[in-house]
Amino acid sequence: MSPVSDQSGTTGASYAAAGVDIEAGDRAVELMKEWVKKAQRPEVLGGLGGFAGLFDASALKRYERPLLASATDGVGTKVDIARQMGVYDTIGHDLVAMVMDDIVVCGAEPLFMTDYICVGKVHPERVASIVKGIAEGCVLAGCALVGGETAEHPGLLGEDDFDVAGAGTGVVEADRLLGADRIRKGDAVIAMAASGLHSNGYSLVRHVLLNQAGLALDARIEEFGRTLGEELLEPTKIYSLDCLALTRTTEVHAFSHITGGGLAANLARVIPDGLHAIVDRSTWTPAPVFDLVGRTGRVERLELEKTLNMGVGMMAIVPSESADAALATLADRGVDAWVAGEITDRGEHTTGAELVGDYAV
C-alpha cells in the first residue's frame, strides 16, 4: 500500500518523520546480542528479544528461606563525559556497579539485571557499545543480563544525548542477612579502595573542572599520568564478588557502599542506634583527582566528603578478631583494603559515623 497523501501530494506523517528509526533500533539489537550472551547464568531461559527476561526460580530451592534483594540506579551526569569523549563501552561498568554493589551490601548474591537506555537518536554501534559495557560489568558482578529497553526520544534529547539506568535482583538466606543488627562495639571498619570518582558527584566535578576552570577533557594531567577525560571515565569498581568471598571466608557484620552522600553518611546508614563508627582519615591518601577538584574549586573538605567517595568505594564491618583474615582474603583477590576505623558507643554523637584526623600525604 502506498503512503497516504493529501490532494497536494504531501506524504502523511510517519514514525520515521517524527524522528524514531525502528530499523536502527533493530540493528542495535542485533549488534548487542553477542555481548548479552556473555553475561548469562545457567538459570536464564530464552534469549534476547522476548517481552520479559526469564530466570528459573527453582534454583532458589536450595535456600531455606530465600530473601530477594532489589535495587535500581543510574550513573548520573557521568554520561555527559562519555558523550563528550565519544567513549561508550565503559559507562555500563558504572551502571552495574551502582546497582549490584547496593544489592551485595545485605549479603545477597547478584542474580540478574535489566537495563534501560534512553537516546535522542539511535546510533546502533553506540548503543551496542553501551550494552557491551553493561554485559562485561554483569560478568564481573556474577549476574546475568536478562533484558532491557532502548528508547528513542527525539525532540526531548539531542541526537548525541543519552542516559542509562538499570535494575537488579539478588538473593540471600534469611539467617545470613547482613546489617545493623549484627554490628557490635569494638568491630573493625575495613575500607576498600575506590578506582576513582566512581559515579557520584559529577555535577560538582564538571562544574569545577570544566565550567569554572575551563579544563579540556583531552588535556594531559601530570598527576594522573593520562588525560582528564580518561581519569573522569575510569569505571566504577565492582565489589560484588569480593564482598561475597569475604562472607564465605570470615565473619562479616555489614557492608556499606560509598555512593552519593559520601563516606560518613553512607556508613551511618548501617550503624544501629547507640553505636558510632569512627573512621581515621590518616589511614589512607585520596587519589590526586580529589585534590584537584578541591583545590581548583576551593571546595571545603566537608563539602568534598559529603559529595565524593574520597578514595573509598566499599566498607566492611567485621569483628576485630576477623580483620586480619578479611584483609588477607581481599589481598588475595587484588583488592586494596585496610582497617580504617572502629565501632564505639554513640555517646553524645548525633550521627552514626564521623571522619577524624587528616589524610595521609
Side-chain angles (χ1 to χ4, degrees), residues 24-25 27-41 44 47-48 53 71-104 110-152 157 160-170 194-200 202 205 217 226-227 229-242 257 259 313-314:
R27 170 65 176 158
V29 171
E30 286 302 313
L31 290 174
M32 69 179 69
K33 280 183 176 179
E34 65 171 297
W35 299 109
V36 176
K37 287 180 181 178
K38 296 179 180 180
Q40 294 297 299
R41 288 174 54 116
V44 175
L48 189 66
T72 185
D73 212 334
V75 299
T77 60
K78 189 172 184 176
V79 297
D80 191 54
I81 305 297
R83 179 190 63 79
Q84 292 187 61
M85 293 281 291
V87 176
Y88 301 96
D89 62 350
T90 62
I91 204 75
H93 286 240
D94 299 287
L95 181 62
V96 176
M98 299 310 290
V99 173
M100 288 307 178
D101 284 346
D102 274 356
I103 283 176
V104 81
L111 294 177
F112 57 84
M113 182 170 174
T114 57
D115 64 67
Y116 176 78
I117 303 171
C118 180
V119 299
K121 178 179 176 60
V122 172
H123 300 279
E125 290 76 12
R126 186 176 301 175
V127 172
S129 290
I130 296 172
V131 174
K132 170 180 178 288
I134 297 172
E136 290 174 339
C138 285
V139 172
L140 293 174
C143 68
L145 180 60
V146 297
E149 171 72 6
T150 300
E152 193 170 25
L157 297 175
D160 290 327
D161 292 337
F162 75 101
D163 199 6
V164 295
T169 299
S195 55
L197 292 169
H198 285 187
S199 298
N200 299 106
Y202 272 76
V205 172
L217 290 173
R226 55 182 173 176
T227 68
E230 289 169 337
E231 177 70 25
L232 298 186
L233 273 191
E234 179 66 35
T236 305
K237 167 74 174 172
I238 298 175
Y239 300 93
S240 303
L241 295 183
D242 302 315
H257 186 197
T259 58
M314 181 72 76

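Minimum interatomic distance between L233 and A82 (heavy atoms only, all atoms of both residues): CD2-N, 3.8 Å. Pairing each heavy atom of A97 with each of I238, the nearest pair is CB-CG1, 3.6 Å. Scanning all heavy atoms of the two residues, the minimum distance from G166 to V99 falls at O-CG2, 3.6 Å. Across every non-hydrogen atom of E234 and S195, the tightest pair is CG-O, 3.3 Å.
With sequence neighbours excluded, the residues satisfying salt bridge (charged side-chain N to carboxylate O under 4.0 Å, His left out) with D89 are K132. In terms of the salt bridge (charged side-chain N to carboxylate O under 4.0 Å, His left out) criterion, E230 has no residue partners (sequence neighbours excluded). D102 pairs by the salt bridge (charged side-chain N to carboxylate O under 4.0 Å, His left out) definition with nothing, not counting sequence neighbours. Annotation: salt bridge (charged side-chain N to carboxylate O under 4.0 Å, His left out) contacts of R126 (sequence neighbours excluded): D160.
In this structure, the separation between CE on M98 and CD1 on I103 is 12.5 Å, given to the nearest 0.5 Å. With rounding to the nearest 0.5 angstrom, the OG1 atom of T236 is 10.0 Å from the NE2 atom of H93. One distance of note links CG of D73 with CG of D94; it measures 11.0 Å at 0.5 Å rounding. Rounding to the nearest 0.5 Å gives a distance of 11.5 Å between CE of M85 and CD1 of I91. H198 NE2 to M314 CE: the interatomic distance, rounded to the nearest 0.5 Å, is 9.5 Å. Rounded to the nearest 0.5 Å, atoms NZ (K78) and CG (D163) are 13.5 Å apart.
Residue pairs that meet the side-chain hydrogen bond (donor to acceptor under 3.5 Å, both in side chains) test with at least one member in residues 139-148, sequence neighbours left out, do not exist here.
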Task: Derivation and outcome, side chain to side chain contact (heavy atoms under 4.5 Å, CB included), residues Y239 and V104 - done: CA-CA 8 Å; Y239 300 93; V104 81; 5.6 Å; no
Task: Chi angles and distances behind the side chain to side chain contact (heavy atoms under 4.5 Å, CB included) call for L157, C118 - done: CA-CA 9 Å; L157 297 175; C118 180; 3.5 Å; yes
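Annotation: side chain of I81 is in contact with side chain of L217 (closest heavy-atom distance under 4.5 Å).
Using a 4.0 Å cut-off between charged side-chain N and carboxylate O, K121 and E152 make no salt bridge.
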Distance-only donor-acceptor hits, side chain of residues 110-117, under 3.5 Å, sequence neighbours excluded:
none

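Judged purely by atom type and a 3.5 angstrom limit, Y202 uses its side chain to pair as donor or acceptor with the backbone of L232. In this structure a side-chain-to-backbone donor-acceptor pair under 3.5 Å is present from D101 to S240. T90 places no side-chain N or O within donor-acceptor distance of the main-chain N or O of P235, the cut-off being under 3.5 Å.
Defined by atom type and a distance below 3.5 Å, a donor-acceptor pair is missing between the side-chain atoms of T259 and N200.
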